Amino acid sequence: MVRFFLRIIVPLSWPVISTLVILQAIANWNNFLWPLIVINEREKQLISVGISLFNTTDSAKYVGPVMAVAILSALPLLLIFFMFQKKIVESIAFAGIKQ
């Protein structure tokens, strides 16, 4: 039974598993409300909460710093996407195949 699972089920599930891991990483990266409620120290807060706090300061009047913070916060997600682009496209193509 384990051999059947490891040789047939798991290899067919890799595209789905990789897509779920990537989407979960993106969802956790964009998590806002729970870290805002739980983390009180400014040094330990997540990037999404930091961007929100940055946009409420006086420096938010200037477009340059706001755009720089937005680019720096989106850069890791773009790198993850480009690294796993093949897996994402593969899982979408695999899900569309009907037999």
Side-chain angles (χ1 to χ4, degrees):
M1 185 72 168
V2 174
R3 184 176 176 193
F4 170 76
F5 183 75
L6 291 175
R7 296 214 178 230
I8 296 175
I9 304 295
V10 173
L12 289 173
S13 301
W14 276 121
V16 175
I17 293 170
S18 62
T19 302
L20 285 174
V21 166
I22 293 166
L23 292 177
Q24 192 63 36
I26 291 171
N28 285 334
W29 184 265
N30 291 330
N31 198 0
F32 176 75
L33 186 59
W34 183 248
L36 180 66
I37 294 170
V38 174
I39 302 173
N40 293 328
E41 296 177 32
R42 204 168 168 96
E43 295 83 23
K44 295 182 180 179
Q45 289 189 345
L46 299 178
I47 290 179
S48 57
V49 177
I51 291 171
S52 172
L53 295 175
F54 183 76
N55 286 336
T56 59
T57 62
D58 291 333
S59 64
K61 293 184 274 186
Y62 304 107
V63 179
V66 173
M67 294 306 288
V69 168
I71 294 292
L72 288 176
S73 67
L75 195 60
L77 287 179
L78 287 171
L79 291 174
I80 289 172
F81 173 75
F82 287 126
M83 285 184 347
F84 296 110
Q85 182 178 8
K86 182 179 177 184
K87 290 287 185 187
I88 294 171
V89 172
E90 179 181 305
S91 67
I92 292 170
F94 184 73
I97 296 174
K98 303 289 182 193
Q99 294 182 3

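Everything numeric here is computed off the predicted structure, so don't read it as measured data. Heavy-atom basis, side chains included; hydrogens, waters and symmetry copies ignored.
Annotation: salt bridge (Lys or Arg N to Asp or Glu O under 4.0 Å) contacts of K86 (sequence neighbours excluded): none. Judged as a side chain to side chain contact (heavy atoms under 4.5 Å, CB included), and not counting sequence neighbours, the contacts of L36 are F32, V49. Residues that satisfy the salt bridge (Lys or Arg N to Asp or Glu O under 4.0 Å) test with E43, not counting sequence neighbours, are absent from this structure. By the side chain to side chain contact (heavy atoms under 4.5 Å, CB included) test, I80 pairs with F84, sequence neighbours left out. In this structure I37 satisfies the side chain to side chain contact (heavy atoms under 4.5 Å, CB included) test together with L33, sequence neighbours excluded. In this structure V10 satisfies the side chain to side chain contact (heavy atoms under 4.5 Å, CB included) test together with F5, L6, W14, sequence neighbours excluded.
Note on I39: it does not cluster hydrophobically with W29, by side-chain heavy-atom contacts below 4.5 Å among ILVMFWY residues. Under the 4.5 Å side-chain heavy-atom criterion for ILVMFWY residues, no single connected hydrophobic cluster contains both L12 and M1.
The nearest pair of heavy atoms linking L46 to P35 is CD1-CG, 3.2 Å.
Around atom CE of M83, more than 12 heavy atoms belonging to other residues, nucleotides or ligands sit under 6.0 Å away.
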Let me have the donor-acceptor pairs involving side chains of residues 70-78, under 3.5 Å, with sequence neighbours excluded, atom names and distances please.
residue : atom : partner : partner atom : Å
S73     : OG   : V69     : O            : 3.3
S73     : OG   : A70     : O            : 2.9

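How far CG of N28 is from OG of S48: 10.5 Å, rounded to the nearest 0.5 Å.
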